[in-house]
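Heads up, the thing below is written out as structure tokens.
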Amino acid sequence: MSTTTTTNNNNNRVYEKEASCLVIPPPNGKKPKAIIKFLGGAFIGAVPLLTYGHLIELLAKEGFLVISVPYNVTFDHEQAAKQVFQRFHACLDSLLASGLPEANLSAEEIGDLPFYSVGHSNGALLQLLTGSYFEEKLPKANVIISFNNRPATEAVPYFEQVGPLVRQMMPFVEASPVYSMARTVSGDAWKVLVDAAGMVINDEEALNSLNKFVDQLPSVLNQVTEGISEFRPTPSENRDCFKSSYNVPHTLLVKFNFDTIDETDNVEEILKPRVESIRGTIEKVQLNGTHITPCIQEPVWQAGYVYTPADAVAQALKTLSLNDTRVLARTITDWFKRFED
């Protein structure tokens with residue numbers, strides 16, 4: 001099993017890469033109290049350090065060993081859920097065999113840890129599907145953030161019109177040198193492009209993640225050109241699956257007060273009878289924030305930066321958003337602590 005150690009130059013944190021997953025241990029040699037399997041949203045879940053880095057760090061600082069699992073964006077959610085299950089357990093099996101030496105964690109110590117799951121947006125859907133497709137190797141508890149599972153025509157505006165257009169344009173897109181460049185561009189090239197847009201990246205893992213992000217695009221476009229017009233299974237079929245097969249005993253549903261695409265209330269009605277039938281628990285909380293609150297990142301102010309009144313306003317707004325993310329992280333970790341032995 002391939003293992004790579006990566007240092008984030010922004011905070012000198014060491015991340016471990018196991019079986020394509022990103023492993024983030026608690027800082028400063030702190031021993032973890034549990035494992036969190038983390039799934040981000042569609043596309044952005046492939047770049048966790050850029051899109052969920054702050055939330056993941058907050059979870060790790062609370063004493064959790066976070067394993068962020070990448071997955072390929074696809075219209076086939078069943079395939080994606082099973083891919084996530086396989087990748088996570090391949091990573092966990094590797095850790096159980098060799099430990100995590102860089103964090104001074106032995107295989108035995110990791111083997112004694114309980115395991116929980118956190119999913120946001122499309123990652124929330126995949127966590128529920130994983131908990132329904134399998135009966136073993138499931139988390140003790142699930143945190144489902146900003147759940148939504150709309151039909152493709154609602155999830156992707158104007159999809160019915162865009163699909164045929166993409167099919168017509170795809171031969172020209174594939175022939176374009178820009179398309180070819182995007183698929184073969186190096187990490188250094190991405191760094192130049194991103195830096196030019198005003199974003200500073202000094203992190204090899206983040207640059208690699210950008211390449212993964214672009215690698216997903218051809219597959220999605222190809223599915224559209226093949227005439228795929230709806231997610232598989234359909235949202236209705238997923239609801240039926242949850243009703244009859246969901247097996248995670250404890251679930252916390254998290255919604256935000258400014259999230260127009262959230263479907264948490266609907267999934268609560270679907271899950272509640274099933275969870276009660278397996279003698280589990282299900283709870284729901286509403287927090288301040290939006291659909292992208294889990295993705296808010298800490299701003300990096302560069303030396304010599306000219307600080308204007310407009311920057312002061314922007315920083316104040318960012319501080320409010322960061323506080324919402326901190327409240328989310330504390331809500332998650334406090335809830336998990338209730339299941340500690």
Side-chain angles (χ1 to χ4, degrees), residues 1 18-23 34-42 45-46 48 64-97 110-149 231-254 263-264 266-268 270-283 332 335-336 339:
M1 200 70 67
E18 291 274 357
S20 80
C21 298
L22 201 61
V23 182
I35 295 169
I36 291 178
K37 180 183 74 169
F38 186 90
L39 295 184
F64 292 88
L65 178 65
V66 183
I67 300 178
S68 179
V69 187
Y71 60 91
N72 297 328
V73 173
T74 173
F75 284 88
D76 191 334
H77 288 149
E78 179 178 356
Q79 179 189 58
K82 291 180 177 179
Q83 179 191 68
V84 162
F85 183 87
Q86 181 181 21
R87 285 183 173 179
F88 172 76
H89 285 288
C91 174
L92 185 58
D93 288 346
S94 179
L95 294 175
L96 293 176
I110 294 174
D112 290 336
L113 298 175
F115 128 62
Y116 308 122
S117 288
V118 174
H120 171 237
S121 193
N122 193 67
L125 168 64
L126 297 184
Q127 296 285 33
L128 291 183
L129 287 174
T130 301
S132 301
Y133 291 152
F134 300 94
E135 296 181 357
E136 299 179 343
K137 297 184 177 180
L138 292 178
K140 189 174 185 179
N142 250 346
V143 172
I144 303 301
I145 307 169
S146 301
F147 173 87
N148 72 86
N149 182 203
F231 297 121
R232 299 191 300 261
T234 66
S236 175
E237 290 169 336
N238 284 338
R239 290 192 291 270
D240 290 340
C241 182
F242 301 155
K243 285 180 182 179
S244 62
S245 304
Y246 185 64
N247 291 308
V248 178
H250 305 288
T251 300
L252 176 66
L253 303 174
V254 180
E263 295 185 302
T264 296
N266 294 338
V267 81
E268 179 189 25
I270 294 165
L271 289 176
K272 196 169 184 179
R274 172 62 184 177
V275 172
E276 290 176 350
S277 73
I278 61 174
R279 298 183 179 180
T281 61
I282 183 167
E283 300 175 51
I332 293 170
W335 189 72
F336 282 151
F339 302 104

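The shortest heavy-atom contact between Gln127 and Gly119 is CG-CA, 3.8 Å. Heavy-atom minimum distance, Ala81 versus Leu129: CB-CB, 3.9 Å. The two atoms that bring Ile67 and Cys91 nearest to each other are CG2-SG, 3.8 Å, heavy atoms only. When all heavy atoms of Val248 and Gly131 are compared, the pair lying nearest together is CG2-CA, 4.0 Å. Counting all heavy atoms, side chain and backbone alike, Val275 lies closest to Thr281 at CG1-N, 3.3 Å. Nearest heavy-atom pair, Pro249 versus Ile278, reported as atom, atom and distance to 0.1 Å: CA-CD1, 4.2 Å.
One finds the CZ atom of Phe85 at 6.5 Å from the CG atom of Leu138 (value rounded to the nearest 0.5 Å). Distance CD/Glu78 to OG/Ser132: 11.0 Å, rounded to 0.5 Å.
Judged by distance alone, with hydrogens and angles left aside, the side-chain atoms of Ser121 form no donor-acceptor pair with the main-chain N or O of Gly123 at under 3.5 Å. In this structure, Gln79 contributes its side chain and Asp76 its backbone to no donor-acceptor pair below 3.5 Å. Side-chain atoms of Asn142 never come within 3.5 Å of backbone atoms of Ile144 as a donor-acceptor pair (strictly under, hydrogens ignored). Judged by distance alone, with hydrogens and angles left aside, the side-chain atoms of Glu135 form no donor-acceptor pair with the main-chain N or O of Asn247 at under 3.5 Å. Using modelled atom types, one side-chain atom of Arg274 and one backbone atom of Ser244 make a donor-acceptor pair closer than 3.5 Å. With hydrogens and angles ignored, the 3.5 Å screen pairs no side-chain donor or acceptor of Arg232 with any backbone N or O of His77. The backbone N or O of Ala90 sits nowhere less than 3.5 Å from a side-chain atom of Ser94 that would complete a donor-acceptor pair.
The one candidate from Asn149, Ile270, Val267 that meets the side chain to side chain contact (heavy atoms under 4.5 Å, CB included) condition with Asn238 is Asn149.
Taking 4.5 Å as the limit, some side-chain heavy atom of Val254 sits within range of a side-chain heavy atom of Leu252. Inter-residue side-chain proximity for Phe64 and Ile35 is flagged as unmet; no heavy-atom pair is nearer than 4.5 Å. At a threshold of 4.5 Å between non-hydrogen side-chain atoms, the residues Val84 and Leu39 count as touching. A 4.5 Å side-chain heavy-atom check between Phe242 and Leu125 finds at least one atom pair inside the cut-off. Side-chain contact between Arg87 and Pro70: present, with at least one pair of heavy atoms (C-beta onward) separated by less than 4.5 Å.
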Please evaluate residues Phe336 and Ile36 with respect to the criterion side-chain contact (heavy atoms from CB on, under 4.5 Å), reporting the C-alpha separation (whole Å), side-chain torsions for both, the decisive distance (0.1 Å), and the verdict.
CA-CA 10 Å; Phe336 282 151; Ile36 291 178; 3.8 Å; yes
What's the verdict on side-chain contact (heavy atoms from CB on, under 4.5 Å) for Leu126 and Tyr71, showing C-alpha distance, side-chain angles and the deciding distance?
CA-CA 10 Å; Leu126 297 184; Tyr71 60 91; 3.5 Å; yes
Could you walk me through whether Phe88 and Thr130 pass the side-chain contact (heavy atoms from CB on, under 4.5 Å) test, one step at a time?
CA-CA 11 Å; Phe88 172 76; Thr130 301; over 6 Å; no
Worked verdict on Glu283 versus Leu253 for side-chain contact (heavy atoms from CB on, under 4.5 Å):
CA-CA 6 Å; Glu283 300 175 51; Leu253 303 174; over 6 Å; no
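Aromatic pair Tyr133/Tyr246: ring centres not closer than 6.0 Å.
Trp335 and Phe339 have perpendicular rings, their planes meeting at more than 60° on a 0 to 90° scale where under 30° would count as parallel. Ring geometry for His89 versus Phe115: interplanar angle over 60°, hence perpendicular rather than tilted (30 to 60°).
Using a 4.0 Å cut-off between charged nitrogen and carboxylate oxygen, Lys272 and Glu268 do not count as a salt-bridge pair.
Atom CD of Gln86 has 12 or fewer neighbouring heavy atoms from other residues, nucleotides or ligands inside a 6.0 Å radius.
At least one cation-pi condition fails for Lys140 and Tyr116: the charged atom is not both under 6.0 angstrom from the six-membered ring centre and inside a 45 degree cone around its axis.
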